Amino acid sequence: MNDNIVAISTSLGVGAISIIRLSGKEVISIVNHIFLGKDLENVNSHTIHYGHIVKNNEIIDEVLVSVMKAPRTYTMEDVVEINCHGGIATTNKILEILLEDEIRLAEPGEFTKRAFLNGRIDLTKSEAVMDLLESKTESARKLAMNQLQGKIYDMVENFRKELKDLISQIEVNIDYPEYYDIEVTTIEKVTEKVGKMIEKLKKVIEESKNSQIIKNGINTLIIGRPNVGKSSILNKLLDEEKAIVTDIAGTTRDIVEGQITLNNIALNIIDTAGIRSTQDKIEQIGVEKSLSFIEKADLVIVVLNGNEGITKEDKEILSKVKDKTTIVAINKNDLEQKIEKKELEEYQVVSTNTNTIEGIDSLKEEIINLFHLGKIEEQDETYLTNVRQIGKAKEALEKLKDAELAIRDNLPLDMIEIDIKSCFDLLGEITGKTYSDEIIDHLFENFCVGK
């Protein structure tokens, strides 16, 4: 991290302004060589200066240059940002000129990676930066801001502090075995403390499932026989004619996707080809593709035609989704009904139609209730926010359970301490207190280049 890096930090394209960001020990001097204006090496930190970028006496662009000196910067290194006119040619030309000097193009996420490695932010805040950039709903934005403000860090480090206190107590017993009273007290306290911490960590993991819903939305699959109204339901949910609707069975042959926001949570909706036996090769491919999406779905909406009885094909479709979170929508409730809800007692069932304004409201309400979206929207909880964090928490939980089992088996305290220390280290991997270079490289490689 002793070298200098540069990257374009704004979307490349036509716009009013582009920002080129640099970080490193020599970046002020490097920019100063091509800047016609004030001497940047003699200006105050956190100041902006008007001038021109010049190469071989040719003015490349009129710019504003921000100079921020270490350590009060994003990376805790010297940082310079060149605000130039937006546009691919101008931005790339300035970048090209900079790369001719003692500087290299930044790797994806390298600015944030340096902020982490230099101790400015912890790993959870690093991940929050990307979450904030990618947030598509107000709930996702709030979740990312909670994380960026250090709420996850505080929660995890408070938990680790309890573990550290417990480890200290165990080590007192190991170092001073001659005091019988200490050993008895330690075993009792360890048993009680480990039990409480297991329950607390379980609760954190369980509640953090909500974070995946907030961040990624609910992947919702609409499935059923041809001509039961799947595409009409999609169109009604999206409030647009996204899918072609006809009376001809097999009209939808490929997936049709759309997204809505329900109680501030994104619903990623996929309408599929009608599932039936068919000799049409193209339709067969569509049916196979529809079935392949079941595994990836968070929610499956099975649409039945209420004007017909439950068919053999309906039953086969229901059998394929028996292990998924499922809502059965008995559609066309404005016609004579030949399906009764009691025939589907094991499912969440709603009646719908696509001919009235209120026809899909029951479906929306069932989704809100099934995923507790009202509760998620109202609460301002601190959740672990991604698979990495939740995975480490689960590993830490297993180590606590191992410690609890070791206590029950009357194993020596030093054996119990090994599992508790492992739990302590695994939780440290969430915040970055403990980490490997390989994990850090993998985490930041998915960031955008200029962040």
Side-chain angles (χ1 to χ4, degrees), residues 1-12 15 17-32 34-35 40-41 43-49 53 63-84 86 91 94-95 98-99 101-135 140-154 385-386 430-433 435 437 439-451:
M1 291 208 311
N2 293 322
D3 55 352
N4 306 292
I5 58 173
V6 62
I8 299 168
S9 290
T10 46
S11 297
L12 196 58
I17 295 173
S18 287
I19 298 175
I20 300 170
R21 175 183 288 172
L22 304 91
S23 181
K25 291 181 179 179
E26 300 168 315
V27 294
I28 297 175
S29 173
I30 289 170
V31 175
N32 203 38
I34 61 170
F35 180 68
L40 299 179
E41 295 188 74
V43 300
N44 293 329
S45 181
H46 293 75
T47 53
I48 300 175
H49 306 278
I53 298 297
V63 298
L64 290 172
V65 176
S66 302
V67 176
M68 294 160 278
K69 298 179 181 179
R72 293 191 303 116
T73 69
Y74 184 67
T75 60
M76 295 189 76
E77 302 170 340
D78 286 346
V79 170
V80 176
E81 290 184 351
I82 302 172
N83 293 256
C84 62
T91 309
I94 296 173
L95 180 64
L98 288 167
L99 288 172
D101 213 323
E102 295 296 319
I103 197 164
R104 65 171 174 82
L105 191 64
E107 297 171 358
E110 189 168 1
F111 291 92
T112 304
K113 181 179 179 180
R114 289 187 176 207
F116 164 70
L117 292 174
N118 288 329
R120 182 182 177 276
I121 56 176
D122 70 276
L123 210 51
T124 63
K125 287 183 182 179
S126 302
E127 291 170 315
V129 171
M130 201 61 189
D131 289 346
L132 194 60
L133 294 176
E134 294 180 344
S135 58
R141 184 195 66 78
K142 287 181 178 178
L143 184 71
M145 281 307 301
N146 274 352
Q147 188 172 347
L148 196 56
Q149 290 168 2
K151 291 188 177 182
I152 292 178
Y153 177 86
D154 290 343
T385 61
N386 57 47
I430 294 177
T431 60
K433 288 287 187 179
Y435 66 88
D437 291 340
I439 293 296
I440 295 303
D441 290 342
H442 177 70
L443 189 145
F444 286 103
E445 69 186 12
N446 295 317
F447 274 51
C448 55
V449 174
K451 193 58 185 168

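Numbers for residues simply follow the sequence, beginning at 1. What you are looking at is a predicted structure, and each value in this text was computed from that prediction instead of being measured.
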Min side-chain heavy-atom separation Val79-Val27 under 4.5 Å: no
Ile28 and Val67, any side-chain heavy atoms less than 4.5 Å apart: yes
pair Phe116-Glu127: side-chain heavy atoms closer than 4.5 Å: no
Main-chain N/O of Lys25 paired to Asn4 side chain as donor or acceptor, under 3.5 Å: yes
Partners meeting side-chain contact (heavy atoms from CB on, under 4.5 Å) with Thr112 (sequence neighbours left out): Tyr74, Ile121, Ser126, Val129, Phe444, Phe447, Lys451
Heavy-atom side-chain proximity of Thr73 to Asp78 below 4.5 angstrom: no
Least distance between heavy atoms, Ser23 atom then Thr75 atom: OG-OG1, 2.8 Å
Side-chain heavy-atom pair Phe35, Val63 within 4.5 angstrom cut-off: yes
Heavy-atom pair of closest approach, residues Leu40 and Asn32: N-OD1, 2.9 Å
Arg114 with Asp3: basic N within carboxylate O range, under 4.0 Å: yes
Leu98 to Ile103 - nearest heavy-atom pair and separation: O-CG2, 2.8 Å
Heavy-atom side-chain contact between Arg120 and Lys125 under 4.5 Å: no
Residues that Thr431 engages under side-chain hydrogen bond (donor to acceptor under 3.5 Å, both in side chains), provided they are two or more places apart: Glu157
For Gly86 against Ser18, the heavy-atom pair lying closest together: CA-OG, 3.5 Å
Beyond-backbone contact of Val6 with Arg21, side-chain heavy atoms, under 4.5 angstrom: no
Heavy-atom check, side chain of Asn146 versus side chain of Thr385, under 4.5 Å: no
